[in-house]
Amino acid sequence: MFSLLVNIPANAKWAQNGVTVAGGHGQGGANSRLFWPHGLFVDDAQTVVIADCWNHRIMQWEKGDTTNGQVVAGGNGLGNGFNQLNGVTDVLIDKETDSLIICDLGNYRVVRWSRRSGTTQGEILIDSINCWGLAMDEQRYLYVSDWKKHEVRRYQLGENIGTLVAGGNGQGDRLNQLNMPEYLFVDRDHSVYVSDNYNHRVMKWVEDATEGIVVAGGQGQGSALTQLNGPLGLFVDTLGTLYVADCYNHRVMRWTQGTKQGTVIVGGNGEGAGANQFNIPIGLSFDRHGNLYVVDMGNNRVQRFSIE
């Protein structure tokens with residue numbers, strides 16, 4: 001993942017007011033709107049690709065064009081045809097093949113759509129999976145969370161079974177268990193970070209480990225700096241600092257390695273639609289300059305916070 005190249009200074013700060021770079025025109029199906037967007041991916045050109053969940057499509061917003069996005073996958077109504085999607089939750093760009101890899105949650109499948117113009121349908125990569133989040137390492141192994149089996153598997157492109165890399169010991173809060181694993185991040189050492197949503201914690205599973213390490217939260221559901229409330233989108237920079245969308249606390253937090261509490265970097269000003277507020281932040285990413293992008297689901301928009 002290109003996100004591995006993001007160097008963010010340990011003392012970095014971000015503007016507290018976000019700028020809307022996608023959506024923000026209310027809920028709807030027009031190309032200027034989003035409907036409960038979920039995951040996102042930002043490429044080297046600062047193009048933002050968004051899983052527009054309840055519009056059953058993937059939208060692409062070029063840098064500088066904040067009025068209209070472009071449908072780059074799906075958009076043909078809810079369905080399970082090769083040209084359709086159903087409740088998409090995450091998306092990433094596979095640079096090697098210039099394609100989108102999409103978690104097509106409602107169809108229990110992971111699909112790939114070429115980014116070449118004229119593409120009208122996708123192909124199934126993995127089927128019969130309750131997928132939620134996706135990540136890819138530099139060897140192009142694909143990591144997929146299964147929220148119903150409470151596990152994360154790693155797949156070579158083209159295989160349907162995969163190798164268990166996190167969880168897989170039933171639903172629970174022990175260190176070898178997960179409870180509703182959703183979004184993922186994989187670092188250069190192939191450690192997998194998992195937003196363990198119902199356990200209100202983020203887990204790190206080192207390669208080949210049989211149990212995970214709590215790297216954020218894990219102190220019960222709450223709003224203290226030691227706690228999370230329904231964590232979702234994740235990002236890890238080159239220093240190993242973790243950034244997490246703390247969904248129901250309407251804030252984005254940063255947890256430096258080994259610390260027992262995080263700091264709020266944006267949001268945390270109550271639920272709302274102000275430039276310094278969120279209404280259920282769900283996905284997050286950074287561009288290579290260190291600017292932060294947050295999917296503000298309840299406000300049907302993506303906000304960019306510039307690094308200062």
Side-chain angles (χ1 to χ4, degrees), residues 1-5 21-23 29-31 34-35 37-65 68-129 131-145 153-162 183-186 283 285 287-288 293 295 302:
M1 287 188 54
F2 333 117
S3 36
L4 301 179
L5 306 174
V21 294
N31 283 9
L34 298 166
F35 187 1
H38 276 54
L40 84 166
F41 194 92
V42 183
D43 75 7
D44 290 345
Q46 294 173 286
T47 298
V48 182
V49 179
I50 305 158
D52 189 9
C53 187
W54 291 113
N55 279 324
H56 316 294
R57 65 189 184 184
I58 303 296
M59 295 295 287
Q60 178 170 297
W61 294 66
E62 306 289 341
K63 183 189 175 188
D65 183 359
N68 279 304
Q70 175 193 359
V71 181
V72 288
N76 296 304
L78 183 161
N80 62 3
F82 288 117
N83 68 337
Q84 292 177 305
L85 298 167
N86 179 358
V88 286
T89 51
D90 207 6
V91 59
L92 60 82
I93 295 172
D94 175 14
K95 246 180 168 171
E96 193 89 1
T97 57
D98 194 25
S99 58
L100 302 167
I101 297 178
I102 302 160
C103 181
D104 188 10
L105 173 86
N107 285 322
Y108 311 104
R109 65 190 185 186
V110 177
V111 295
R112 176 165 61 193
W113 284 60
S114 169
R115 295 180 82 201
R116 287 190 291 276
S117 65
T119 301
T120 55
Q121 62 177 44
E123 57 175 324
I124 298 172
L125 291 179
I126 305 164
D127 58 16
S128 308
I129 184 171
C131 63
W132 191 286
L134 302 168
M136 188 180 260
D137 66 22
E138 79 288 353
Q139 294 167 325
R140 295 183 64 240
Y141 281 95
L142 185 63
Y143 297 73
V144 187
S145 63
R153 287 184 173 266
R154 181 182 69 223
Y155 298 83
Q156 247 179 315
L157 289 174
E159 66 173 355
N160 204 55
I161 306 297
Y183 289 103
L184 304 174
F185 192 94
V186 179
S285 191
D287 64 25
R288 57 204 171 106
Y293 296 73
V295 177
V302 176

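- S285 contributes no side-chain N or O that, together with a main-chain N or O of F41, makes up a donor-acceptor pair within less than 3.5 Å.
- When all heavy atoms of W113 and V72 are compared, the closest pair comes out as CE3-O, 4.0 Å.
- Scanning both residues, G23 and W61, for their nearest heavy atoms gives N-CH2, 3.2 Å.
- In this structure, the side-chain hydrogen bond (donor to acceptor under 3.5 Å, both in side chains) partners of S99, at least two apart in sequence or on a different chain, are T97.
- Smallest separation of non-hydrogen atoms from L184 and Y143: CD1-O, 3.5 Å.
- Heavy atoms only, all atoms of each residue included: V71 and N31 are closest at CG2-OD1, 3.8 Å.
- In this structure R288 satisfies the salt bridge (Lys or Arg N to Asp or Glu O under 4.0 Å) test with no other residue, sequence neighbours excluded.
- Annotation: side chain of L100 is not in contact with side chain of L92 (no heavy-atom distance under 4.5 Å).
- The main-chain N or O of F35 is found under 3.5 Å from a side-chain atom of D52 such that the two form a donor-acceptor pair.
- With sequence neighbours left out, R115 forms a salt bridge (Lys or Arg N to Asp or Glu O under 4.0 Å) with D43, D98.
- A search for side chain to side chain contact (heavy atoms under 4.5 Å, CB included) contacts involving Q84 returns N76, not counting sequence neighbours.
- Legend: residues meeting side chain to side chain contact (heavy atoms under 4.5 Å, CB included) with Y108, ordered by chain and number and at least two apart, are N130.
- Applying the side chain to side chain contact (heavy atoms under 4.5 Å, CB included) criterion to N107, with sequence neighbours excluded, gives N80, N86, D104, R109.
- In this structure the side chain of I50 never reaches within 4.5 angstrom of the side chain of V91, judged on heavy atoms.
- D65 is linked by a side-chain hydrogen bond (donor to acceptor under 3.5 Å, both in side chains) to T67, counting only residues two or more places apart in sequence or in another chain.
- Relative orientation of the H38 and W132 rings is tilted, given thresholds of 30° and 60° on the angle between their planes.
- Closest approach of N55 to G29, counting heavy atoms only: OD1-CA, 3.5 Å.
- In this structure, R57 and V88 have side chains that are not in contact, with every pair of non-hydrogen atoms separated by 4.5 Å or more.
- Residues that satisfy the side-chain hydrogen bond (donor to acceptor under 3.5 Å, both in side chains) test with R153, not counting sequence neighbours, are E151.
- Between K95 and D44 there is a side-chain heavy-atom pair separated by less than 4.5 Å.
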request  = List the steps and the verdict of salt bridge (Lys or Arg N to Asp or Glu O under 4.0 Å) for R154 and D137.
outcome  = CA-CA 10 Å; R154 181 182 69 223; D137 66 22; 5.8 Å; no

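- For C103, the side chain to side chain contact (heavy atoms under 4.5 Å, CB included) partners at least two apart in sequence or on another chain are T89, D90, C131, L134.
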Check: Hey, mind stepping through V49 and M59 against side-chain contact (heavy atoms from CB on, under 4.5 Å) and telling me if it holds?
Finding: CA-CA 6 Å; V49 179; M59 295 295 287; over 6 Å; no

Stepwise side-chain contact (heavy atoms from CB on, under 4.5 Å) check, L157 with L142:
CA-CA 7 Å; L157 289 174; L142 185 63; 4.2 Å; yes

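- The salt bridge (charged side-chain N to carboxylate O under 4.0 Å, His left out) analysis of residues 75-89, with sequence neighbours excluded, yields no pairs.
- Contact detail for L85 and V111: the closest heavy-atom pair is CD2-CG2, 3.9 Å.
- Applying the side-chain hydrogen bond (donor to acceptor under 3.5 Å, both in side chains) test to E62 and every residue at least two apart in sequence or in another chain returns T47, Q60.
- Residue Y141 qualifies as open at atom OH: its count of foreign heavy atoms under 6.0 Å is 12 or below.
- Within the structure, every pair that satisfies the side chain to side chain donor-acceptor pair (under 3.5 Å) test and touches residues 116-126, not counting sequence neighbours, is listed here: R112-E123.
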